[in-house]
Amino acid sequence: MQSDIEDGGVNDDGGLVLAGLLRNLLILAEQFGLSYNALLSEAGLSPETLTDPNQMVPMRYLEHVLNAGVKDTGDDLLGLHLAEFTQPESFGVAGYIVRACGTLREVIEMCMRYEHLVSSVGSTSFEFRPGQVAWTWNLATTNPVFRSQAVDYMLGSLATVRVHLPNITHWDFDCVLLQRRAPEIADQLREYERVFRCPVHFGQPTNALVFPLAALDAPLLHSNSAMRDVLESHARSLESKQTEPDFLGNARAILKTMVMRGKPSRSALADALGMSSRHLLRRLSDEGGSYRALLGELREEMARKLLLESNESIEAIAHRLQYTESQSFIRWFKACHGMTPSQFRQQAANQGNEER
């Protein structure tokens, strides 16, 4: 069998990752017989680089560490195995916020809202299916090796979070979806099912944890809204201290959460960013955009994603995007793509069949 690690090398896509997360991974790696200092050396890292856990460091360091770890251990599933020992706090303030959330919906929304404090290339979302919800996480990188290891680690970590939260019996997954190819070794297939405790399907269009719809709003006993407010205040403080605050990225992340909930509004976005509606419009204009354009972009992105990755009807998708009539949604989509939503979905299905 050819190892995934042979399919590509380390590259620098310009992404960033939380120094505290990288340091925790290095500490965890020692449990697998790896040397903390040796991995630092192989990655070209100095210990001082990781002194401030809230600092963002180049993603290439994480790529080097994972690639070196796989090579030194011979474990193609190292990312998955590291995830078994991860705690929410490994992800900085975002992890602490997760502990204070009242429902799984809040957990996912907080991950979407503050994931830019963990990395600049990860993307969290959730999509609805008949009777189910898929919690997705994807990575923007051109390195297929790193993508597989990082996705295994992140989805495995999200699954491991269940162990650290009270009242999590309703967090059992229906299945896990992975884009990576299926391992050829039966023992590795069984390892995925052992870690996730459910069926795992490979070669899928997205990476996701799929669970019953009823779990989304079931209450969690550890809920502490006051603590969550304090932690969110700290998260916003960290945002403001970033050397180059990504205003547009933050606005996009917040508005994306609102679109997912079906409740986007300019005033709510301004409040979340701590500014007036007028100042919001001025900042967006300075970035060469507008609230309407940003909202349209996110709706278009969500429409494409739902059409490609879900079985929801055109009417259901139109309703989720706040169109009172499906025909209005169809006209809007056709104006954007030159074809109707049904034609877009069929074209993608035909292309997939041709590739197979």
Side-chain angles (χ1 to χ4, degrees), residues 93-94 97-98 100-120 122-129 133-138 206 208 213 215-217 223 225 228-229 231-233 235-236 238-240 245-307 309-310 312 315-326 328-329 332-333 336:
V93 66
I97 291 174
V98 162
C101 289
T103 64
L104 181 53
R105 182 192 296 271
E106 286 186 13
V107 169
I108 299 174
E109 289 177 349
M110 290 300 102
C111 287
M112 292 169 61
R113 170 67 181 88
Y114 295 110
E115 65 187 354
H116 64 282
L117 293 178
V118 180
S119 86
S120 63
S123 176
T124 304
S125 65
F126 61 96
E127 61 183 53
F128 293 90
R129 305 176 175 201
V133 177
W135 183 358
T136 72
W137 189 82
N138 291 291
T206 191
L213 181 60
L216 192 61
D217 293 308
S223 173
S225 59
R228 191 191 68 187
D229 290 344
L231 291 168
E232 281 203 79
S233 177
R236 288 192 290 271
L238 291 176
E239 289 176 334
S240 68
D246 184 5
F247 163 75
L248 192 58
N250 291 344
R252 181 183 173 85
I254 296 170
L255 190 56
K256 180 180 178 181
T257 302
M258 294 177 178
V259 171
M260 294 293 292
R261 298 182 69 178
K263 298 178 180 179
S265 78
R266 188 178 69 190
S267 60
L269 177 60
D271 288 343
L273 290 168
M275 61 183 65
S276 68
S277 291
R278 180 174 296 181
H279 186 50
L280 169 65
L281 295 180
R282 197 159 50 240
R283 288 293 304 274
L284 288 172
S285 178
D286 290 342
E287 297 282 347
S290 68
Y291 172 78
R292 184 174 182 178
L294 183 58
L295 179 59
E297 177 187 335
L298 289 170
R299 278 179 168 163
E300 185 180 350
E301 177 184 301
M302 185 174 175
R304 290 196 307 269
K305 184 177 180 64
L306 290 171
L307 288 167
E309 300 177 7
S310 80
E312 291 191 49
E315 291 75 13
I317 293 174
H319 178 72
R320 287 190 59 187
L321 295 177
Q322 293 190 306
Y323 283 91
T324 55
E325 296 181 357
S326 59
S328 298
F329 166 65
W332 167 78
F333 190 89
C336 294

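The first residue of the sequence shown is numbered 1, and numbering continues consecutively from there.
Taking 4.0 Å as the cut-off between side-chain N and carboxylate O, Glu312 and Arg320 count as a salt-bridged pair.
Here the OG atom belonging to Ser326 is positioned 11.0 Å from the CD1 atom belonging to Ile317, to the nearest 0.5 angstrom. Summarising the geometry, atom CD belonging to Glu232 is positioned 7.0 Å from atom CZ belonging to Arg113; distances are rounded to the nearest 0.5 Å. In this structure, CZ in Arg228 is found 6.0 Å from SG in Cys101, a value given to the nearest 0.5 Å. To the nearest 0.5 Å, atoms CE (Met110) and CD1 (Ile97) are separated by 7.0 Å. One finds the CD atom of Glu115 at 10.5 Å from the OG atom of Ser120 (value rounded to the nearest 0.5 Å). For the atom pair Asp229 CG and Ser233 OG, the distance stands at 9.0 Å (nearest 0.5 Å).
When the side-chain hydrogen bond (donor to acceptor under 3.5 Å, both in side chains) test is applied to Ser123, the partners found at least two apart in sequence or on another chain are Lys256. Shown here are the side-chain hydrogen bond (donor to acceptor under 3.5 Å, both in side chains) partners of Asp217, two or more places apart in sequence or in another chain: Arg105. When the side-chain hydrogen bond (donor to acceptor under 3.5 Å, both in side chains) test is applied to His319, no partner is found at least two apart in sequence or on another chain. Not counting sequence neighbours, the partners of Glu109 by the salt bridge (charged side-chain N to carboxylate O under 4.0 Å, His left out) test are Arg261. Scored by the salt bridge (charged side-chain N to carboxylate O under 4.0 Å, His left out) test, Arg282 finds no partners at all (sequence neighbours excluded).
Smallest separation of non-hydrogen atoms from Leu216 and Thr103: O-CB, 3.7 Å. Across Ala303 and Phe329, no two heavy atoms sit closer than the pair CB-CE1, 4.0 Å. Of all non-hydrogen atoms in Tyr114 and Ala235, the two that sit nearest each other are CE2-CB, 3.6 Å. Contact detail for Pro264 and Leu255: the closest heavy-atom pair is CB-CD1, 3.9 Å. In plain terms, the two heavy atoms of Met112 and Thr124 that are nearest each other are CG-O, 3.3 Å. Here the shortest heavy-atom pairing between Ala208 and Ala134 reads CB-CB, 4.0 Å.
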Can I get a per-line list of side-chain donor-acceptor pairs under 3.5 Å for residues 290-302, giving both atom names and the distance, sequence neighbours left out?
{"from": "Ser290", "atom 1": "OG", "to": "Ala293", "atom 2": "N", "distance (Å)": "3.1"}
{"from": "Tyr291", "atom 1": "OH", "to": "Ser265", "atom 2": "N", "distance (Å)": "3.3"}
{"from": "Tyr291", "atom 1": "OH", "to": "Arg266", "atom 2": "N", "distance (Å)": "3.3"}
{"from": "Glu297", "atom 1": "OE2", "to": "Arg252", "atom 2": "NH1", "distance (Å)": "2.4"}
{"from": "Arg299", "atom 1": "NE", "to": "Leu321", "atom 2": "O", "distance (Å)": "3.4"}
{"from": "Arg299", "atom 1": "NH2", "to": "Gln322", "atom 2": "OE1", "distance (Å)": "2.8"}
{"from": "Glu300", "atom 1": "OE2", "to": "Arg304", "atom 2": "NH1", "distance (Å)": "3.3"}
{"from": "Glu300", "atom 1": "OE2", "to": "His337", "atom 2": "NE2", "distance (Å)": "3.1"}
{"from": "Glu301", "atom 1": "OE1", "to": "Arg252", "atom 2": "NH2", "distance (Å)": "2.3"}

If you apply the rule side chain to side chain donor-acceptor pair (under 3.5 Å), what do you find for Thr136 with Thr206, and how did you get there?
CA-CA 7 Å; Thr136 72; Thr206 191; 4.7 Å; no
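Residues Cys111 and Trp135 form a side-chain contact, since some pair of their non-hydrogen atoms from C-beta on lies under 4.5 Å apart.
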